[in-house]
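The structure appears right after this line, and notes come after that.
Side chains included, hydrogens not; waters and symmetry mates left out as well; all remaining heavy atoms used.
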Amino acid sequence: MYRAVTRQVSASLGDCELSFVDRARIDVDRARAQHAAYCDMLRRLGCEVIELPALDAHPDAVFVEDTALVFDEVAVITRPGAESRRGETASIAEALAPFRPLLRTEAPGTIDGGDVMRIGRQVFVGRSARSNDAAIAQLSTLLAPFGYTVQGVDTRECLHLKSAVTAVGEGRVLIQPAWVDAGVFSAWERIEIDPDEPHAANALRIGDAVVYPDSFPRTCERLRAQGVEVHTVALGELQKAEGATTCCSLVFAA
Ligand code: CIR
């Protein structure tokens, strides 16, 4: 059994932060419909979905992943790298407080949850425009008592570490080798994205299944050929906001 915290799409989504994609007009109603279908998929895969109301003053607030890191023992409220997103964390802290003791990263540290990938007791943190070494050091100190080791990983040409690599099963990652050094993950089986689908490395693992965008059919085929149970969703309008599959939820064991 899992819980998933999500947040409804802001009316202001069109004013989102963008780093590596060009601005295109976003149909907010369509984004809302896609987000609702995404939440339905999470329910189908066994999540109890806690849907928070939209924060219209924060265009990117639907991307809850960046505001907190949820471990089995504790949750860490982040200090997001983009200043426009820092006001999103208070209500996330409120939503998570019933389920985990809360810890926090502080200035000068900045970190987005999209840069944090956990595999077992290993926590990889992308060094990116959003996440810095100060936050990596803080996270290492915060998580050491629970037996986690935290390792910084260089990223290039992408927003977050999880734009470049995500876990798709026990001991398996899906990876875009142009954006992160694949050697860092040599202990795991690596499934490479199809080179024609550069943004295809972000999959959301829920138990034995992954939720995956319907816009990367070639990589989807590769995943299925490797025996990964893939459930596709349409996320086109959220992708225009540089969002992906993991970023729209905080999934954790209930
Ligand atoms: C941002 O730039 O912060 C948003 N427009 C997109 C955030 C996507 N977050 C994620 O993939 N974890």
Side-chain angles (χ1 to χ4, degrees), residues 2 19-21 41 45 63 65-66 69-72 111-131 133 136 139-140 143 147-233 235 239 242-253:
Y2 298 94
S19 305
F20 292 91
V21 306
M41 178 61 81
L45 294 175
F63 303 125
E65 173 182 49
D66 294 318
L69 319 169
V70 187
F71 298 88
D72 289 345
I111 188 164
D112 281 7
D115 272 315
V116 181
M117 181 175 73
R118 184 176 68 81
I119 302 183
R121 296 271 139 183
Q122 272 183 276
V123 180
F124 297 95
V125 185
R127 290 192 197 89
S128 69
R130 300 290 175 87
S131 302
D133 281 321
I136 294 172
L139 194 60
S140 182
L143 294 179
Y148 293 98
T149 56
V150 177
Q151 177 182 342
V153 179
D154 291 331
T155 60
R156 49 188 178 267
E157 295 170 48
C158 62
L159 182 58
H160 288 132
L161 177 66
K162 280 192 278 191
S163 316
V165 59
T166 51
V168 291
E170 222 44 59
R172 293 177 132 184
V173 296
L174 174 64
I175 189 162
Q176 157 52 297
W179 294 351
V180 70
D181 178 5
V184 174
F185 306 99
S186 56
W188 291 276
E189 183 192 339
R190 296 170 306 286
I191 302 173
E192 287 196 10
I193 56 134
D194 186 287
D196 288 340
E197 298 173 340
H199 293 274
N202 186 270
L204 171 63
R205 182 181 175 202
I206 299 180
D208 290 332
V210 301
V211 180
Y212 194 67
D214 66 0
S215 47
F216 308 121
R218 291 166 182 247
T219 305
C220 182
E221 202 39 58
R222 286 188 182 200
L223 287 168
R224 288 189 168 134
Q226 296 297 318
V228 180
E229 180 188 326
V230 184
H231 298 266
T232 58
V233 284
L235 289 174
Q239 287 168 322
E242 213 167 352
T245 323
T246 59
C247 59
C248 295
S249 56
L250 285 163
V251 178
F252 50 95

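Heavy atoms only, all atoms of each residue included: Pro195 and Pro198 are closest at O-CD, 3.9 Å. Here the shortest heavy-atom pairing between Val228 and Arg172 reads CG2-NH1, 3.4 Å. Pairing each heavy atom of Cys248 with each of Ala244, the nearest pair is SG-O, 3.8 Å. Nearest heavy-atom pair, Ser163 versus Cys158, reported as atom, atom and distance to 0.1 Å: CB-CB, 3.9 Å. Here the closest heavy-atom approach between residue Leu204 and residue Ser249 is recorded as CD2-OG, 3.6 Å. Scanning both residues, Thr245 and Tyr212, for their nearest heavy atoms gives CG2-N, 4.1 Å.
Using modelled atom types, no side-chain atom of Thr155 and backbone atom of Val180 make a donor-acceptor pair closer than 3.5 Å. In this structure, the side chain of Thr219 engages the main chain of Asp194 through a donor-acceptor pair within 3.5 Å. A distance-only check finds a donor-acceptor pair linking the side chain of Arg156 to the backbone of Ala178 [under 3.5 Å]. Checked by atom type and distance alone, the side chain of Asp181 pairs as donor or acceptor with a backbone atom of Gly183 at under 3.5 Å. Of the possible polar contacts, one joining the Glu242 side chain to the Ser19 backbone as a donor-acceptor pair under 3.5 Å is found. Not one N or O on the side chain of Arg205 forms a donor-acceptor pair closer than 3.5 Å with the backbone of Ala203. Under the 3.5 Å distance criterion, the side-chain polar atoms of Arg222 are matched with a main-chain donor or acceptor of Ile193. Gln226 contributes no side-chain N or O that, together with a main-chain N or O of Ile191, makes up a donor-acceptor pair within less than 3.5 Å. With Arg118 contributing its side chain and Gly120 its backbone, the two residues share a donor-acceptor pair below 3.5 Å.
Going from atom CG of Asp66 over to atom CG of Asp112 covers 4.0 Å, rounded to the nearest 0.5 Å. Atom CG of Leu139 sits about 12.0 Å away from atom CG of Asp133, to the nearest 0.5 Å. Considering CZ of Arg190 and CG of Leu174, their distance stands at 12.5 Å, rounded to 0.5 Å. The distance from atom OG of Ser131 to atom CD1 of Ile136, rounded to the nearest 0.5 Å, is 7.0 Å. For the atom pair NE2 (His160) and CZ (Phe63), the distance works out to 10.5 Å, reported to the nearest 0.5 Å. Here Phe71 contributes atom CZ and Leu143 contributes atom CG; the two are 4.5 Å apart, rounded to the nearest 0.5 Å.
Within the 4.5 Å cutoff, side-chain heavy atoms of His199 are placed close to those of Trp179. Counting heavy atoms from C-beta outward, Glu197 and Pro217 have side chains that approach closer than 4.5 Å. Met117 has its side chain out of reach of Val153: every pair of non-hydrogen atoms, C-beta onward, lies at least 4.5 Å apart. For the pair Val123/Val116, a side-chain contact is recorded, criterion being any heavy-atom separation below 4.5 Å from C-beta on.
Using a 3.5 Å distance cut-off with no hydrogens or angles, the side chains of Thr246 and Asn202 do pair a donor with an acceptor.
The local environment of CD in Glu170 is sparse, with at most 12 non-hydrogen atoms from other residues, nucleotides or ligands closer than 6.0 Å. At most 12 non-hydrogen atoms from other residues, nucleotides or ligands lie less than 6.0 angstrom from CG of Asp208. With a 6.0 Å radius and a threshold of 12 heavy atoms from other residues, nucleotides or ligands, Arg224 has its CZ atom above the threshold.
Between Asp115 and Arg130 there is no salt bridge, since none of the side-chain N atoms of the basic residue sits less than 4.0 Å from a carboxylate O of the acidic one.
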